2 protein chains.
Amino acid sequence: MTTTDRAAEVEPGRRDRKKTATRERLITEAARLFETKGFDETTTTEIAEAADVAQRTLFRHFPTKEAVLFGDMVDLRIELREALAARPDDEPVLEAVRQAVLALADDHQRHAERRRLQFRLAASVASVSAYSRAVVQASWEREIIRAAAARLGVDPVDDPRPEIIAGAAMSALRVATRQWTARAADTDFVALADAALVATGDLGPTAH
Amino acid sequence: MTTTDRAAEVEPGRRDRKKTATRERLITEAARLFETKGFDETTTTEIAEAADVAQRTLFRHFPTKEAVLFGDMVDLRIELREALAARPDDEPVLEAVRQAVLALADDHQRHAERRRLQFRLAASVASVSAYSRAVVQASWEREIIRAAAARLGVDPVDDPRPEIIAGAAMSALRVATRQWTARAADTDFVALADAALVATGDLGPTAH
DNA sequence: CAGCGTAGTGTCAGTCACTGACATCAGTCA
DNA sequence: TGACTGATGTCAGTGACTGACACTACGCTG
């Protein structure tokens with residue numbers, strides 16, 4: 001058990017290291033350019049050149065320009081899935097979802113600067129907003145749906161409740177995100193998210 | 001200004017009639033081409049030529065190719081807003097939202113063929129999915145948020161509940177849409193949507 | 001360790017969504 | 001009727017993305 005942890009983590013060779021290095025260079029250079037020049041004003045060729053690769057290489061690592069911006073979020077889906085799986089089986093569904101989504105919130109807190117850039121661009125650039133909603137957030141939503149369906153013991157195609165729970169949780173997360181983006185950099189994002197997620201369980205009492 | 005007064009329904013002149021005729025020709029020709037050739041396989045120039053206008057004219061009527069596909073949904077937002085406003089003030093929020101969203105469902109029922117094409121493409125083409133979520137559905141969601149906030153007497157920026165309600169309702173609608181698309185053409189969409197929306201109020205009881 | 005297969009990259013040329021600029025023509029209205 | 005204005009056509013671009021092909025270096029196997 002030297003560097004191998006659980007699922008046979010083999011030391012990656014030079015080729016793989018170069019590949020991930022290129023990928024990360026693209027992500028950071030893109031973020032820097034988006035920050036300084038704006039999203040639409042930055043071309044994919046500029047990003048590629050800043051990372052010292054050909055434009056074609058950028059599109060071998062990412063399917064779209066938007067995907068470069070959110071490139072550091074790919075494993076968040078897995079993280080959310082594991083957080084959901086880690087909740088005790090006898091915990092109420094909404095509580096399990098709430099706790100798991102706080103793992104996402106915690107990640108945002110840890111990568112505050114990058115997340116703020118992403119949220120800011122999602123709020124101002126149409127194509128980024130669309131990507132964030134339809135690709136990033138939708139992937140999280142699917143994890144919540146899957147987990148909620150499993151806990152409720154139902155088929156998410158027949159029973160609408162898993163998807164409704166997921167939609168409500170994602171809405172809560174969006175509210176927290178918007179509030180956080182509008183406030184000072186040291187605002188506690190997890191607390192905001194928690195407050196919003198608690199309100200998710202209050203839909204009944206909202207009745208009137 | 002324009003001709004006489006504005007809010008009232010004035011008989012549109014020949015110029016306006018031509019304009020809307022062009023717009024509608026673009027929408028129907030696009031739908032026909034998307035149906036037969038597929039979305040990605042149809043170029044905007046082909047759509048324009050089928051409608052007997054220049055490609056440039058298409059982009060004066062619609063900002064994107066996806067917007068042409070959903071061109072017949074523009075006034076649905078207004079319809080939803082009015083349905084929300086029409087609900088009695090003393091009705092519980094969730095019930096008002098449910099009834100209003102059934103107005104959307106009813107529209108889908110009435111334009112079954114076109115809606116099925118749109119949903120099918122949204123399920124298979126990434127850019128269409130993104131547009132549907134981030135533009136079309138998001139606009140409905142905003143209407144629900146606004147109405148729910150007004151009914152609860154809260155500011156939707158501070159209080160997450162309006163957005164959570166809206167997110168849950170939109171999720172219910174998406175479930176119903178997916179179920180409907182997968183079933184026979186004469187399936188009762190309103191009934192499916194109603195069943196899903198009823199479940200929205202059951203999040204508390206879902207507890208365990 | 002020599003040699004072979006292949007993954008990651010560069011280069012080039014092409015497609016297509018979308019846009020600015022300018023000319024033209026047709027409704028509209030004084 | 002004549003001036004104004006808004007819808008359209010034409011043309012020339014920009015920039016995101018893609019297929020094809022060649023090349024190099026990594027890594028494995030004999």
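Values in this document were obtained by computation on a predicted structure and should not be read as measured data. Naming convention: chains lettered A, B, ... in sequence-line order (proteins, then strands); numbering from 1 in each chain.
Atom CD of Glu24(A) and atom P of dG8(C) are 15 Å apart (whole Å). The separation between Phe34(A) atom CZ and dA16(D) atom C1' is 12 Å, rounded to whole Å. What separates CG of Asp52(A) from P of dG8(C) is a distance of 18 Å, to the nearest Å. Atom CG in Leu26(B) sits about 14 Å away from atom P in dA17(C), given to the nearest Å. For the pair Ile47(B) CD1 and dA17(C) C1', the computed distance is 11 Å after rounding to whole Å. One can place CG of Asp40(B) at 18 Å from P of dA16(D), the figure rounded to the nearest angstrom.
Residue Lys19(A) is the one, among Gln55(B) and Lys19(A), whose nearest nucleotide of DNA chain C lies closer to the 5' end (criterion: closest heavy atom).
Listed by residue number, Arg56(A), Thr57(A), Arg60(A), His61(A) are the residues of residues 56-75 of chain A with a heavy-atom contact under 4.0 Å to DNA chain C.
In this structure, the side chains of Asp159(A) and Leu152(A) stay at 4.5 Å or more apart for every pair of heavy atoms. Put simply, the side chain of Tyr131(B) does not reach to within 4.5 Å of the side chain of Lys65(B), judged on heavy atoms.
At distances below 3.5 Å, at least one donor-acceptor pair connects side-chain atoms of Ser171(B) with backbone N or O atoms of Glu163(A). Between the side chain of Arg98(B) and the backbone N or O of Thr200(B) there is no donor-acceptor pair closer than 3.5 Å.
A salt bridge links Asp72(B) with Arg115(B); the closest basic N to acidic carboxylate O contact falls under 4.0 Å. Using a 4.0 Å cut-off between a side-chain N of Lys or Arg and a carboxylate O of Asp or Glu, Arg116(A) and Glu113(A) do not qualify as a salt bridge. A salt bridge does not link Arg32(A) to Glu35(A): none of the charged side-chain nitrogens sits closer than 4.0 Å to a carboxylate oxygen.
Backbone-only engagement by Thr42(B) is indicated by non-hydrogen atom pairs under 4.0 Å involving sugar-phosphate atoms exclusively.
Between Trp140(B) and His108(B), the ring planes are tilted. Angles from 30° to 60° get that label.
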Which protein N or O atoms sit under 3.5 Å from an N or O of nucleotides 24-28 of chain D?
residue: dC26(D); atom: OP1; partner: Lys18(A); partner atom: NZ; Å: 2.8
residue: dC26(D); atom: O3'; partner: Arg15(A); partner atom: N; Å: 3.3
residue: dC26(D); atom: O2; partner: Arg15(A); partner atom: NH2; Å: 2.5
residue: dG27(D); atom: OP1; partner: Arg14(A); partner atom: N; Å: 2.8
residue: dG27(D); atom: OP1; partner: Arg15(A); partner atom: N; Å: 2.9

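Across every strand in view, dC26(D) sits in a pair with dG5(C) that passes the Watson-Crick or G-U test at under 3.5 angstrom.
In this structure, Ala134(B) and Ala130(A) approach most closely via the heavy-atom pair CB-CA, 3.3 Å.
A close approach under 4.0 Å does occur between a side-chain nitrogen or oxygen of Thr44(A) and OP1 or OP2 of dA16(D).
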